[in-house]
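Note: hydrogens, waters and symmetry copies are ignored here, and every other heavy atom, side chains too, is used. Chain letters run A, B, ... following the sequence lines, proteins first and then strands; every chain starts at 1. These numbers were taken from a predicted model, which means no experiment stands behind them.
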Number of protein chains: 2
Amino acid sequence: MKKSNPTDCSSAIIPVRDALDVISGKWKILILISITHGNKRFTEIQKSVPKITAKVLSKELKDLEEHLLIERKIIDDYPVRIEYSATPHSQTLSKLVKELQDWGVKHRAKIIGK
Amino acid sequence: MKKSNPTDCSSAIIPVRDALDVISGKWKILILISITHGNKRFTEIQKSVPKITAKVLSKELKDLEEHLLIERKIIDDYPVRIEYSATPHSQTLSKLVKELQDWGVKHRAKIIGK
DNA sequence: TTAATCACTAACCTTTAGGTAACTACTATC
DNA sequence: GATAGTAGTTACCTAAAGGTTAGTGATTAA
């Protein structure tokens, strides 16, 4: 019997794996979209991302900060506020997010239109 | 106290949510990459995607088929073979996959180079 | 005085994703 | 006859993700 020799595609798979490790999950991209659209405060972000809970948002913000995609600033007046902002590094994701958005529209049309 | 008025970004968030529902998870994009690189058989795909188990591959292939991203063909000779292939619809993901790959490379450089 | 806002955290629970090992039925090779 | 490959499935289990509820301590608006 023939042995199957798989085509090697690790040059594509390894970087994609790296990217997915950082941005996969239900929420990270959505939070990033909200912040780049100008939402800075915890509750603003929470309101703008449908169905997210405070606990999950809190955790995801920490993850995003760790991966250098957002910044957390404490604004020290009365009362103390906290503001989140997108880092320059997160802007390297903009094309990816746009593709995701376009594809979502396309896929929905495909599924509904059949 | 000021009420926070979140910027509305649902026009971006909703399509991205749709896209993520279909392609998020650890494996789907990687399997799609393997198939578009020419791997057709179950075991070829399994060998080309690091660490995936037969059970997970089997389930993910079914999901991808349901979402019209791959096709499953039964080749009826001795012995019966099964071949998976990418659909035209899955090709609409190619730019997205490329972006993911590029970003993975960029992000790795950023993390290591700091 | 009461209630609400802000930015969370803790304790607890459920759901989903994913992993392990064994097994099937057929074919092919040593 | 033994072993290995093919394309999975089944049962069982763990880990990770995510959800629910409540609460904190400060401020402020009605």
Side-chain angles (χ1 to χ4, degrees), chain A residues 1-7 13 17 20-32 34-35 38-67 70-85, chain B residues 1-7 13 17 20-32 34-35 38-67 70-85:
Chain A
M1 192 183 279
K2 276 176 286 186
K3 265 188 201 162
S4 61
N5 286 105
T7 308
I13 281 183
R17 161 99 299 158
L20 291 176
D21 284 345
V22 178
I23 57 163
S24 78
K26 259 175 105 169
W27 304 111
K28 292 202 177 59
I29 298 281
L30 303 184
I31 294 166
L32 233 32
S34 175
I35 294 175
N39 293 313
K40 297 177 195 315
R41 313 286 303 279
F42 190 91
T43 26
E44 281 175 0
I45 300 166
Q46 199 185 346
K47 282 175 190 160
S48 71
V49 177
K51 312 250 180 191
I52 198 165
T53 62
K55 180 198 150 183
V56 171
L57 179 54
S58 166
K59 189 208 140 234
E60 299 283 292
L61 286 170
K62 276 176 200 156
D63 285 359
L64 288 168
E65 209 193 338
E66 240 176 67
H67 288 119
I70 62 169
E71 235 190 313
R72 184 184 194 264
K73 266 185 204 149
I74 300 163
I75 312 285
D76 207 353
D77 54 44
Y78 288 130
V80 177
R81 281 171 299 139
I82 287 161
E83 288 191 359
Y84 295 93
S85 58
Chain B
M1 194 185 277
K2 276 176 289 186
K3 265 189 202 160
S4 60
N5 286 107
T7 309
I13 283 185
R17 161 99 298 158
L20 291 176
D21 285 346
V22 177
I23 57 163
S24 77
K26 259 177 104 169
W27 303 111
K28 293 202 177 58
I29 297 280
L30 303 184
I31 293 167
L32 234 31
S34 174
I35 295 175
N39 291 313
K40 297 179 197 312
R41 314 286 302 279
F42 190 92
T43 25
E44 281 175 359
I45 300 166
Q46 198 184 346
K47 282 176 192 160
S48 71
V49 177
K51 313 249 178 191
I52 199 165
T53 62
K55 179 200 150 183
V56 170
L57 180 55
S58 166
K59 189 208 141 234
E60 300 283 294
L61 287 169
K62 276 177 199 154
D63 286 358
L64 289 168
E65 208 192 342
E66 242 177 64
H67 288 120
I70 62 169
E71 236 190 314
R72 183 183 195 266
K73 264 185 203 146
I74 300 162
I75 312 285
D76 209 352
D77 54 43
Y78 287 131
V80 176
R81 280 172 301 137
I82 287 162
E83 288 191 357
Y84 296 94
S85 57

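Contact between the side-chain N/O atoms of B:Thr43 and the OP1/OP2 oxygens of D:dA7 is found at a separation under 4.0 Å. Distances shorter than 4.0 Å separate none of the side-chain N or O atoms of A:Arg81 from OP1 or OP2 on C:dC6. In this model, the phosphate group of C:dC8 is approached by a side-chain N or O of A:Tyr84 to a distance below 4.0 Å at OP1 or OP2. Note on B:Lys62: a side-chain N or O is less than 4.0 Å away from OP1 or OP2 of D:dT9. Note on A:Lys47: every side-chain N or O is 4.0 Å or more away from OP1 and OP2 of C:dT5.
Evaluation of the salt bridge (Lys or Arg N to Asp or Glu O under 4.0 Å) rule for B:Lys73 yields no partner, not counting sequence neighbours. By the salt bridge (Lys or Arg N to Asp or Glu O under 4.0 Å) test, A:Lys40 is found to be paired with no residue, residues two or more places apart in sequence or in another chain being considered. Partners of A:Glu71 according to the salt bridge (Lys or Arg N to Asp or Glu O under 4.0 Å) rule, which considers only residues two or more places apart in sequence or in another chain, do not exist here. Looking at residues two or more places apart in sequence or on another chain, you find a side chain to side chain donor-acceptor pair (under 3.5 Å) between B:Thr7 and A:Asn39. Under the rule for a side chain to side chain donor-acceptor pair (under 3.5 Å), B:Ser58 has no partner lying at least two apart in sequence or in another chain. Take B:Glu60 and apply the side chain to side chain donor-acceptor pair (under 3.5 Å) test, not counting sequence neighbours, and it matches B:Lys28. Remark: A:Glu65 pairs with no residue by the side chain to side chain donor-acceptor pair (under 3.5 Å) rule, at least two apart or across chains.
Between A:Asp21 atom CG and C:dG18 atom P there is a gap of 12 Å when expressed in whole angstrom units. Rounding to whole angstrom units, CZ of residue A:Phe42 and P of D:dT24 are separated by 18 Å. One atom, CD of B:Glu83, and another, C1' of D:dA7, lie 13 Å apart when rounded to the nearest Å. For the pair A:Lys73 NZ and C:dA7 P, the interatomic distance rounds to 16 Å; values are reported in whole Å. As a whole-Å value, the separation of B:Gln46 CD from D:dT9 P is 13 Å. Regarding A:Glu44, its CD atom lies at a distance of 8 Å from the P atom of C:dA7, rounded to whole Å. Computed from coordinates, the A:Leu57 CG to C:dC6 C1' distance equals 13 Å when rounded to whole Å. Residue B:Ile75 contributes atom CD1, which lies 11 Å from atom P of D:dA7 at whole-angstrom precision.
In this structure, the side chains of B:Leu57 and B:Val49 stay at 4.5 Å or more apart for every pair of heavy atoms. At least one side-chain heavy atom of B:Trp27 sits under 4.5 Å from a side-chain heavy atom of A:Arg17.
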*Could you write nucleotides 11-22 of chain D as a row of B, S and -, 5' to 3', where a protein heavy atom under 4.0 Å of any base atom gives B, of only sugar-phosphate atoms gives S, and otherwise -?*
BB-----BBB--
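Comparing the start and finish of the helix from C:dT1-D:dA30 to C:dC30-D:dG1, five pairs each, the helix axis swings through 10°, to the nearest 10 degrees.
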